[in-house]
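Count residues from 1 along the sequence. First listed ligand is number 1; within each ligand, the first listed atom is number 1. Here the structure is a predicted model, which means the values were calculated and not measured.
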Amino acid sequence: MCGIVGFTGSRQAAPILLKGLGRLEYRGYDSAGIAVVHDGAIEVEKVSGRIAKLCEKTKDGAAVPGTVGIGHTRWATHGAPTDFNAHPHVSNDGRFAVVHNGIIENYLALREELIADGYVFHSETDTETIVHLLELYYDGDVKAAVMKTAARLEGSYALGILCTDTPDALYVVREASPLILGVGVGENYFASDVTALVSHTKNVIYMEDGEFAVLTPDAVTVYDCTGRETKKPVSRVTWSVEAAEKGGYEHFMLKEIMEQPAAVKAAIAPRLHEGRVCLDDFELTAEQLRSINKIVITACGSAYYAGCSGRYAIERLCRIPVQVELASELRYSDPMVDEHTLVLVISQSGETADTIAALKECKARGATVLGIVNVVGSTIAKLADHTLYTWAGPEIAVATTKGYTTQLAVLYLFALYAADRLGRIDEARYKALVHELMELPRRIQQTIDMNWQLPAVASRYSSRSLFFIGRNTDYAVALEGALKMKEISYLHAESYAAGELKHGTIALIEENQPVIAVCCNEAIADKTLSNIVEVKARGAKVLALAFRDNRKIVSQADDVIFIPRVETVFSAALAVVPLQLLAYYAAKEKGCDIDKPKNLAKSVTVE
Ligand code: M6R
């Protein structure tokens, strides 16, 4: 939630800040602002609404002189998305400006204290307390003021700070919110995400909790939480600028759907050697695996639904009980995990607040944590005992697509790896499944190619509230399909285990009610077929999703989306693709803002 950027160098800062904010807009888009030091004073421009409005107001930054500045794009938490609540916030004496990503949990107490001290507040935000604390603690040493201020804050924050007394310097500090420094030549940067940095530099420093840094055009100096200078490794970002651009597609979401064959290949191919799954980044002996009596998968949103699919693969292949828990629930449930539990924590961003909290709860109880994460260097990647990266590349659209399918790919690899290590799969089946995994990217491509008719199908099925049904692995896909539809097209969509229809929901079925039935799990497809017949008898209009050669379904459903045949345990990776496209085309027809759906943000870093 919220994106922050900063620049110090000899070029004009505002256009660079605005471009950087543009790349971070997926993190929040309620309001935007920049602050620049110019002629010894801080100049602020901010607007409620999108960054485009700020670009218009500042003539793409050209109207704001100065070579050092900070910027912010907001997902509102404290106070409505108004101009005065937009960041940056400035101290009463005009000396400091601050941008903040995170939440200050003790802001009310701080606010009362500062008001009693005579400070005047101009916004309803938690962030404004920070800038007044800086003024309060400043006695000529910015570093000391920042450290004293940070010591008063409870919650999460990545802060970017300007001070007019040190006009070429940027100050940053982080606690539980992402912050990355970009190291350039004669200029330096900070941002919430590398996507805002790659067009300038690929040399980055990942800040850790409690660390503080000072950036000038010629130096980046990082300090630990005690104020001691610390040498940080400079990492190299491997992906190109183009990866974070639309590349001719109308929306990032469509581009990312189309990137799935390549993304899934990047997740799988390097982990297959001579026909065997090798998780170099996570090696467990058979003995270690045998000491695990339960696997808990925890995550939020689509990552949780990936976990639901993964559960079937792991249980079926490894015969280890798997419990899938929403991280927001697990964190408060006094979870029954211990040193014999392996916890799989799944997150595209690696920064989801509830998922991080669930991870910490499980670790504190002695569980081994394996992170399945896309963003390199993210909080979850650092906190987990082991991390398997999904290698999806940057995902910009708020609705995850390649993030989700690459999570599935890694879960499948894990299931196969563990089954093999535990000796619970015979060699012939193992070889067949490895072959299926190698083939997945090609089959995802075929799925995309086969479904050129989806815009017309979407138009027929997306006029009102929809039901998504399925059983077992298909139910997991239905959950994700319904979420995609809701979040980008704003259509009401509900997913049900098909067998549950009769226990209440079928009362809602009436003439022309759209029902999307996922029928790719052939062992129980006939059961779902019966449910199709039942809803049709009550007037429903049924769109089924099935393997290409499933002829039975054609006689029962009104329309069918076909996908190539694939091993059932891996079928979610294909079946979800038409559902992503269906949601995309439904949203497009309704004229929705597909990449930035209302009220959402890509990375949910608050509870
Ligand atoms: O970054 P994460 O994978 O931890 O995010 C979890 C959810 O917030 C995320 O999957 C969300 O549900 C997506 N917007 C769904 O498309």
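Below 3.5 Å of separation, one finds no N or O of G350 facing any N or O of ligand 1.
Of the protein's non-hydrogen atoms, V604 CG2, 4.0 Å is the one closest to atom 8 (O) of ligand 1. Given atom 9 (C) of ligand 1, the protein heavy atom at minimum distance is S302 N, 4.0 Å. For atom 16 (O) of ligand 1, the closest non-hydrogen atom of the protein is E487 OE2, 2.3 Å. Protein heavy atom closest to atom 5 (O) of ligand 1, with residue, atom name and distance, is T352 OG1, 3.5 Å. Taking atom 6 (C) of ligand 1 as the reference point, the nearest protein heavy-atom neighbour is C300 O, 3.3 Å. Nearest protein heavy-atom neighbour of atom 3 (O) of ligand 1: Q348 N, 2.7 Å. Of all protein heavy atoms, the one lying nearest to atom 1 (O) of ligand 1 is S349 OG, 2.6 Å.
If you look at K602 next to ligand 1, there are no close heavy atoms at all, none under 4.0 Å. Heavy atoms of E351 found under 4.0 angstrom from ligand 1: none, in either backbone or side chain.
Side-chain atoms of S302 and E480 include a donor-acceptor pair closer than 3.5 Å. In the model, D385 has no side-chain atom that pairs as donor or acceptor with a side-chain atom of T368 under 3.5 Å. A side-chain N or O of T379 and one of E351 form a donor-acceptor pair less than 3.5 Å apart. Residues T390 and N374 have side chains that bring a donor and an acceptor to within less than 3.5 angstrom of each other.
With sequence neighbours left out, E154 forms a salt bridge (charged side-chain N to carboxylate O under 4.0 Å, His left out) with no residue at all. For K363, there are no side-chain hydrogen bond (donor to acceptor under 3.5 Å, both in side chains) partners, not counting sequence neighbours.
Near A399, the atoms of ligand 1 lying under 4.0 angstrom from a non-hydrogen atom of the residue are 16 (O). Of all atoms in ligand 1, numbered sequentially from 1 with element shown, those under 4.0 Å from a heavy atom of A303 are 3 (O), 10 (O). Ligand 1 places these atoms under 4.0 Å from at least one heavy atom of K484: 15 (C), 16 (O).
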